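Per chain, numbering begins at 1; letters A, B, ... match sequence-line order. Nothing here was measured: the structure is a model prediction, and the numbers come from that model. Every heavy atom of this structure was used, including side-chain atoms; hydrogens, water molecules and symmetry mates were not.
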Protein chains: 2
Amino acid sequence: MTKPAEDTIAVRIARALAERIIAGTIEPGTRLRQDHIAEEFETSHVPVREAFRRLEAQGLAISEPRRGVRVASFDLSEVKEVAAMRAALEVLALRHAAPHLTAAILDKAEQARRDCDAATDVRAWEEANRRFHRTLVAPCGMKRLLATIDDLHAASARFLFSAWRSEWEARTDHDHRSILNALRNGDLETAVATLARHAQWIGERPVRTASGATRGAFAIVG
Amino acid sequence: MTKPAEDTIAVRIARALAERIIAGTIEPGTRLRQDHIAEEFETSHVPVREAFRRLEAQGLAISEPRRGVRVASFDLSEVKEVAAMRAALEVLALRHAAPHLTAAILDKAEQARRDCDAATDVRAWEEANRRFHRTLVAPCGMKRLLATIDDLHAASARFLFSAWRSEWEARTDHDHRSILNALRNGDLETAVATLARHAQWIGERPVRTASGATRGAFAIVG
DNA sequence: GCGATCAAAATTATCTATAATTTTGATCTT
DNA sequence: AAGATCAAAATTATAGATAATTTTGATCGC
């Protein structure tokens with residue numbers, strides 16, 4: 001191991017694979033072969049198997065006994081499901097975070113909002129959007145809730161990158177603005193209602209498939 | 001391996017340990033030593049480590065790199081957190097399940113409700129209560145959502161057994177009845193509102209600690 | 001040529017062994 | 001006797017090897 005490993009090797013492998021799956025570098029349905037991955041990361045397969053269990057828990061991979069692990073597939077119904085869960089849980093988190101929101105936190109969110117609107121590629125937008133949402137809900141201090149929301153954001157990002165691979169046009173997100181304004185005015189109910197609607201905003205985009213045909217691709221864009 | 005292993009050994013170990021942690025057989029904070037557990041299950045420690053990763057994802061254990069795994073501790077704030085998450089997600093699931101609820105499903109829930117009210121010990125009550133909730137939300141067919149709810153129920157059960165160890169007195173749960181009635185009448189909003197309140201019902205009970213003092217123990221009893 | 005069948009190859013799941021880290025406990029100092 | 005120090009023991013994390021299962025691909029029959 002050339003790196004001064006802070007975390008365990010299994011954690012590093014899990015992170016690296018998660019990144020690839022989210023970015024779409026590895027296609028859904030692809031088999032993750034432990035010996036190949038072990039070789040690539042210059043370890044044995046034991047930490048690789050542990051990494052698989054983490055990916056499985058995040059919903060990024062599915063494992064069938066004796067038949068190995070493959071990158072999880074998804075469809076429109078799962079996109080909707082994740083959007084609905086995000087809406088429900090982020091609303092809950094925001095309600096609990098509200099009493100702890102300070103001017104400094106709202107300023108941080110404001111910066112994230114600006115970065116979001118200024119983003120010229122999908123990766124930058126996703127990062128800023130995630131930061132916006134995270135900043136507002138993190139002060140709730142509920143670890144289990146935040147961890148679940150993080151996993152949902154990972155799933156969201158995957159759907160997004162799958163549909164928008166690279167093209168992206170800058171656009172002003174009025175919901176973000178409304179949420180921030182409402183919070184600044186102490187109007188939690190408006191903020192919560194806007195967020196609930198916002199997180200379920202699903203965009204459609206035509207995507208050329210391998211066979212040359214065009215199909216609709218869906219992703220959460222809120 | 002004497003058992004006709006359908007699942008992988010790691011899965012069986014994870015289940016067995018989860019049961020013990022939920023039942024309170026292993027105290028919070030206890031270290032889970034992989035070699036000891038491997039010896040007990042007559043395997044090597046490799047599947048044990050994989051089982052640990054599963055327990056970690058469920059929130060039943062926490063792992064510190066190079067310092068092993070221990071049974072997760074919890075406090076009142078986590079009980080509240082799990083209750084709030086359950087309320088939010090079960091409401092979401094019920095809304096999506098509602099269109100698929102049939103008379104047969106409602107009858108199954110009715111049976112679970114009766115078992116609940118008739119339960120004379122805490123384990124029987126927990127099983128029936130979980131069955132009641134599961135029956136009503138399962139028809140939503142949202143796998144990720146249902147899996148998350150299941151994990152929350154496991155946490156709930158743990159809190160409950162920690163506070164109520166064995167004593168339990170039969171009581172009629174009016175919320176269960178109201179939810180079923182509302183669903184039978186097609187009044188989803190009443191059912192949802194009652195469920196939202198119900199899942200956050202937290203009971204307190206005096207518990208004698210190891211030192212002989214008495215403290216309050218809290219658990220979700222809905 | 002197309003599908004079924006079976007053997008070889010690849011892959012998963014597990015075990016045993018080893019290196020590295022942390023915990024334990026006994027000793028020494030004050 | 002209380003605290004610090006250090007070595008031994010226990011434990012975690014990883015590597016390498018093995019058994020069992022699945023997948024692949026070539027052969028055979030129709």
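Axis angle across the helix from dG1(C)-dC30(D) to dT30(C)-dA1(D), with five pairs used at each end and values rounded to 10°: 10°.
Taking 4.0 Å as the cut-off between side-chain N and carboxylate O, E127(A) and R130(A) do not count as a salt-bridged pair. Contact check on R113(A) versus D173(A) returns no salt bridge, with no Lys/Arg side-chain nitrogen under 4.0 Å from an Asp/Glu carboxylate oxygen. At a threshold of 4.0 Å, the pair R144(B)-E81(A) does not count as salt-bridged, since none of the basic side-chain nitrogens sits closer than that to a carboxylate oxygen.
OP1 or OP2 of dT23(D) lies within a sub-4.0 Å distance of a side-chain N or O belonging to R67(A). Under 4.0 angstrom from either OP1 or OP2 of dT12(D) there lies no side-chain N or O belonging to R49(B). Regarding contacts with the backbone of dT14(D), a side-chain N or O of T8(A) is found under 4.0 angstrom from either OP1 or OP2.
With sequence neighbours excluded, the residues that form a ring-ring contact (aromatic ring centres under 6.0 Å, His included) with F74(A) are F159(A).
Each of R86(B), R134(B), K143(B) was compared with D150(B) under the salt bridge (Lys or Arg N to Asp or Glu O under 4.0 Å) criterion, and only R134(B) meets it.
D107(B) and Q111(B) share no donor-acceptor pair across their side chains, judged by distance under 3.5 Å alone. Counting only N and O atoms by type, the side chains of R70(A) and S63(A) include no donor and acceptor under 3.5 Å apart.
Of the residues near DNA chain D, S44(A) and G68(B), the one whose nearest nucleotide (by heavy atom distance) lies more toward the 5' end is G68(B).
Put simply, CD1 on I13(B) is 11 Å from C1' on dT14(C), counting in whole angstrom units. Nucleotide dA13(D) holds its C1' atom 18 Å from the CZ atom of F41(A), rounded to whole Å.
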Report all interatomic pairs (protein N or O, nucleotide N or O of nucleotides 17-21 of chain C) with separations under 3.5 Å.
none

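For the contact set between residues 27-39 of chain B and DNA chain D, defined by any heavy atom under 4.0 Å, the members are R31(B), L32(B), R33(B), Q34(B), D35(B), H36(B).
Sorted by first and then second residue, the ring pair (Phe, Tyr, Trp, His ring centres under 6.0 Å) pairs with a member in residues 136-158 of chain B read H133(B)-H153(B); sequence neighbours excluded. Applying the ring pair (Phe, Tyr, Trp, His ring centres under 6.0 Å) rule to pairs touching residues 79-116 of chain B yields nothing, sequence neighbours excluded.
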Exercise. Stepwise, does the side chain to side chain contact (heavy atoms under 4.5 Å, CB included) test hold for I37(B) with H45(B)?
Worked result: CA-CA 8 Å; I37(B) 294 168; H45(B) 62 245; over 6 Å; no
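Seen from the ring of F161(B), R123(B) counts as a face-on cation partner, given the 6.0 Å and 45° thresholds.
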